[in-house]
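Heads up, the thing below is written out as structure tokens.
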Amino acid sequence: MPRPITARIHPEAVRHNVGLIKQMTPTSRVWTVVKANAYGHGIERIYPALAQADGIALLDLDEAVRVRELGWTKPILLLEGIFEPVDVELADNHRLTVAVHCNEQLQLLAAARPRRPIDIMLKMNSGMNRLGFRPQVFRDAWERASALPSVGSVGLMNHFATADDGAIDWQLDEFDAATQGMPGEQSLSNSAGVLWHPRAHRDWVRPGTILYGASPTGVARDVADFGLRAAMTLTSRIIGVQTLAPQETVGYGRTFRADQPMRIGVVACGYADGYPRHAPSGTPIAVDGVRTRIVGRVSMDMLTVDLTPCPQAAIGSTVELWGDQVKVDEVAEASGTIGYELMCALARRVPVEVTGAAGATTAAAQTPQTACTTN
Ligand SMILES: *Cc1c(COP(=O)(O)O)cnc(C)c1O
């Protein structure tokens, strides 16, 4: 029998979330972002749930090819664009739309002879200072891109640095001023823009994390009112029980000390499964459907929980690490990170099941690379 840990992926939750996003952005089209192997969920597993989306956005050419091979005929956007000449060929063969954020990428396109002009999204750096043309040179880049015979449509793209925790006007005003009168479809908003900045919805939105039911802020209560559903449930079981006497400790470093007699459950899940080692005592977890807390340090293959609120729990009891009862963002917040990182870091050794439309669980079509293979 394998270790009792399992990740369940729920395509129906993704389908539901896509529907919510469409309702929130009624005049925009939706690029669903599935980079990093669909934020750790597996592109192939959630692909059927994206039928209502207007496009798919990702980073890796091999993921783009996988999506085409699954039968996707609508647009695919490469969020970081191309890196070398052969990429233009692949973009041509697979009809990919490519982000263009620097002169080097314009030169690659200028040197290429694709069979069909490549559609691009010209990216502005309006203050994030990662990728993109600065507002002062954006019009010049746009004119050069538009003049290239190898380039088809030229869209206008931007990425916000603070859409999750404040105002975006400092970037949006820059973008609008620099693109005044410029034709082209606009795409500015990630998940946080979708939820909180309708002014920035424009022609195409690019939600990622909310597709999977996680919060752009990393704080579960910030999205509690939107009705998003969790696309991943990580469960395991209790494999050992200890009763501590007062002043006894549990685990490495003796970081948790019982102040009264206390039952402790040992759970088959550790940091080698993708559970954060930084999760401190007090991080929420559910045992037999009852919320409780982890106590002591997370070790490689195990962690320990306080069974005081669930005295009936015993070896074999079901544990939810994250999912419906405990949001991935709650675990992330306690651990000083965001749900994105935990979803993407689900370890390859964790067996994955896909829940079917009827709620039944089916074994996933397992291929070695279907665990999260990218960062
Ligand atoms: C990852 C990414 C997104 C999606 O971001 P979320 O915060 O997950 O919604 C959108 N646009 C770009 C350019 C990205 O890299």
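Values below: all heavy atoms of this structure, side chains included; hydrogens, waters and symmetry mates excluded.
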Check step by step if side chain to side chain contact (heavy atoms under 4.5 Å, CB included) holds for Asp301 and Tyr271.
CA-CA 7 Å; Asp301 312 303; Tyr271 60 78; over 6 Å; no

Which is it for Thr6 and Val350 under the side chain to side chain contact (heavy atoms under 4.5 Å, CB included) test, yes or no, and what are the steps along the way?
CA-CA 6 Å; Thr6 307; Val350 176; 5.8 Å; no

Checking Arg297 against Thr255 for the side-chain hydrogen bond (donor to acceptor under 3.5 Å, both in side chains) test, could you report, in this order, the C-alpha distance in whole Å, the side-chain angles of both residues, the deciding distance, and whether it holds?
CA-CA 7 Å; Arg297 255 188 212 156; Thr255 62; 5.0 Å; no

Where do Trp170 and Thr162 land on the side chain to side chain contact (heavy atoms under 4.5 Å, CB included) test, with the steps shown first?
CA-CA 10 Å; Trp170 65 285; Thr162 50; 3.1 Å; yes

Report the C-alpha distance between Arg221 and Glu333 in whole Å, list the side-chain angles of each, state the deciding distance to 0.1 Å, and finish with yes or no for side chain to side chain contact (heavy atoms under 4.5 Å, CB included).
CA-CA 11 Å; Arg221 64 184 170 276; Glu333 194 183 1; 3.9 Å; yes

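Using a 4.5 Å heavy-atom threshold, the side chains of Val14 and Leu50 count as touching. For the pair Val219 and Asp329, the minimum side-chain heavy-atom distance is 4.5 Å or more. In this structure, the side chains of Leu307 and Ile238 come closer than 4.5 Å at one or more pairs of heavy atoms. The side-chain heavy atoms of Met182 and Leu156, taken from C-beta on, include a pair separated by under 4.5 Å. Contact check for Phe133 versus Asn125: no side-chain heavy atoms found under the 4.5 Å cut-off. Ile5 places a side-chain heavy atom less than 4.5 Å from the side chain of Leu234. In this structure the side chain of Cys269 never reaches within 4.5 angstrom of the side chain of Thr235, judged on heavy atoms. Side chains of Leu131 and Glu80 form a contact here, defined as non-hydrogen atoms less than 4.5 Å apart.
The pair Arg291-Glu330 counts as a salt bridge, with a side-chain nitrogen and a carboxylate oxygen less than 4.0 angstrom apart. Between Asp273 and Arg3, at least one side-chain N (NZ, or NE/NH1/NH2) sits under 4.0 Å from a carboxylate O, which counts as a salt bridge. A salt bridge is defined here as a Lys NZ or Arg NE, NH1 or NH2 lying under 4.0 Å from an Asp or Glu carboxylate O, and Arg202 with Asp176 meets this definition. Taking 4.0 Å as the cut-off between side-chain N and carboxylate O, Lys35 and Asp62 do not count as a salt-bridged pair. With respect to the salt-bridge test (charged N to carboxylate O, under 4.0 angstrom), the residues Arg66 and Glu69 do not qualify. A salt bridge between Arg8 and Asp324 is absent, with no side-chain N of the basic residue lying under 4.0 Å from a carboxylate O of the acidic one.
Side chain to side chain, Thr217 and Asp164 fail the donor-acceptor criterion of an N or O pair below 3.5 Å. A donor-acceptor pair shorter than 3.5 Å cannot be found between the side chains of Thr243 and Arg263. Side chain to side chain, Asn93 and Arg115 meet the donor-acceptor criterion of an N or O pair below 3.5 Å.
Ring geometry for His41 against Tyr212 counts as parallel: the plane angle stays under 30°, on a 0 to 90° scale with 60° as the upper cut. Relative orientation of the Trp204 and Trp31 rings is parallel, given thresholds of 30° and 60° on the angle between their planes.
To the nearest 0.5 angstrom, Ser126 atom OG is 10.0 Å from His159 atom NE2. Here the straight-line distance linking atom OG1 of Thr233 with atom NE2 of His10 works out to 2.5 Å at 0.5 Å rounding. Atoms CZ and OG, on Arg277 and Ser335 in that order, are 12.0 Å from each other to the nearest 0.5 Å.
Hydrophobic clustering keeps Val331 apart from Met302 (ILVMFWY residues linked when any side-chain heavy atoms are closer than 4.5 Å, directly or through intermediates). Following chains of ILVMFWY side-chain contacts shorter than 4.5 Å, one can reach Val137 starting from Val151, so the two form part of one hydrophobic cluster. Linking Ile, Leu, Val, Met, Phe, Trp and Tyr residues whenever their side-chain heavy atoms come within less than 4.5 Å leaves Val266 and Val298 in two separate clusters.
No option in Lys74, Arg29, Lys22 other than Lys22 meets the salt bridge (charged side-chain N to carboxylate O under 4.0 Å, His left out) test with Asp54. Under the side chain to side chain contact (heavy atoms under 4.5 Å, CB included) test applied with Val33, the options Leu58, Leu59, Leu79 reduce to a single match, Leu79. Exactly one of Leu78, Asp92, Ile82 qualifies for a side chain to side chain contact (heavy atoms under 4.5 Å, CB included) with Asp87. That residue is Ile82.
For Asp222 against Ser215, the heavy-atom pair with the smallest separation is CB-OG, 4.1 Å. Listed here is the closest heavy atom pair of Thr209 and Tyr39: N-CE2, 3.7 Å. Here the shortest heavy-atom pairing between Gly227 and Asn17 reads O-OD1, 4.5 Å. In this structure, Pro11 and Ala49 approach most closely via the heavy-atom pair O-CB, 3.1 Å. For the pair Val290 and Gln325, the tightest heavy-atom approach, listed with the atom from each and the gap, is N-OE1, 4.2 Å. Annotation for Ala163 and Ile168: closest pair CA-CG2, 3.6 Å, computed over non-hydrogen atoms.
Applying the ring-ring contact (aromatic ring centres under 6.0 Å, His included) criterion to Tyr275, with sequence neighbours excluded, gives no partner residue. Partners of Trp322 by ring-ring contact (aromatic ring centres under 6.0 Å, His included), not counting sequence neighbours: none found.
Atom CD of Glu341 sits in a sparse spot, with 12 or fewer heavy atoms from other residues, nucleotides or ligands closer than 6.0 Å. Residue-environment remark: CD (Gln312) exceeds the threshold of 12 foreign heavy atoms within 6.0 Å.
Other members of the hydrophobic cluster containing Val295, listed by chain and number, are Leu244, Val250, Phe256, Met262, Ile264; membership follows side-chain contacts under 4.5 Å among ILVMFWY residues, whether direct or relayed.
In terms of modelled atom types and a separation under 3.5 Å, the side chain of Ser146 and the main chain of Glu143 share no donor-acceptor contact. Although no hydrogens or angles enter the test, the distance criterion places no donor-acceptor pair under 3.5 Å between the side chain of Ser189 and the main chain of Val205.
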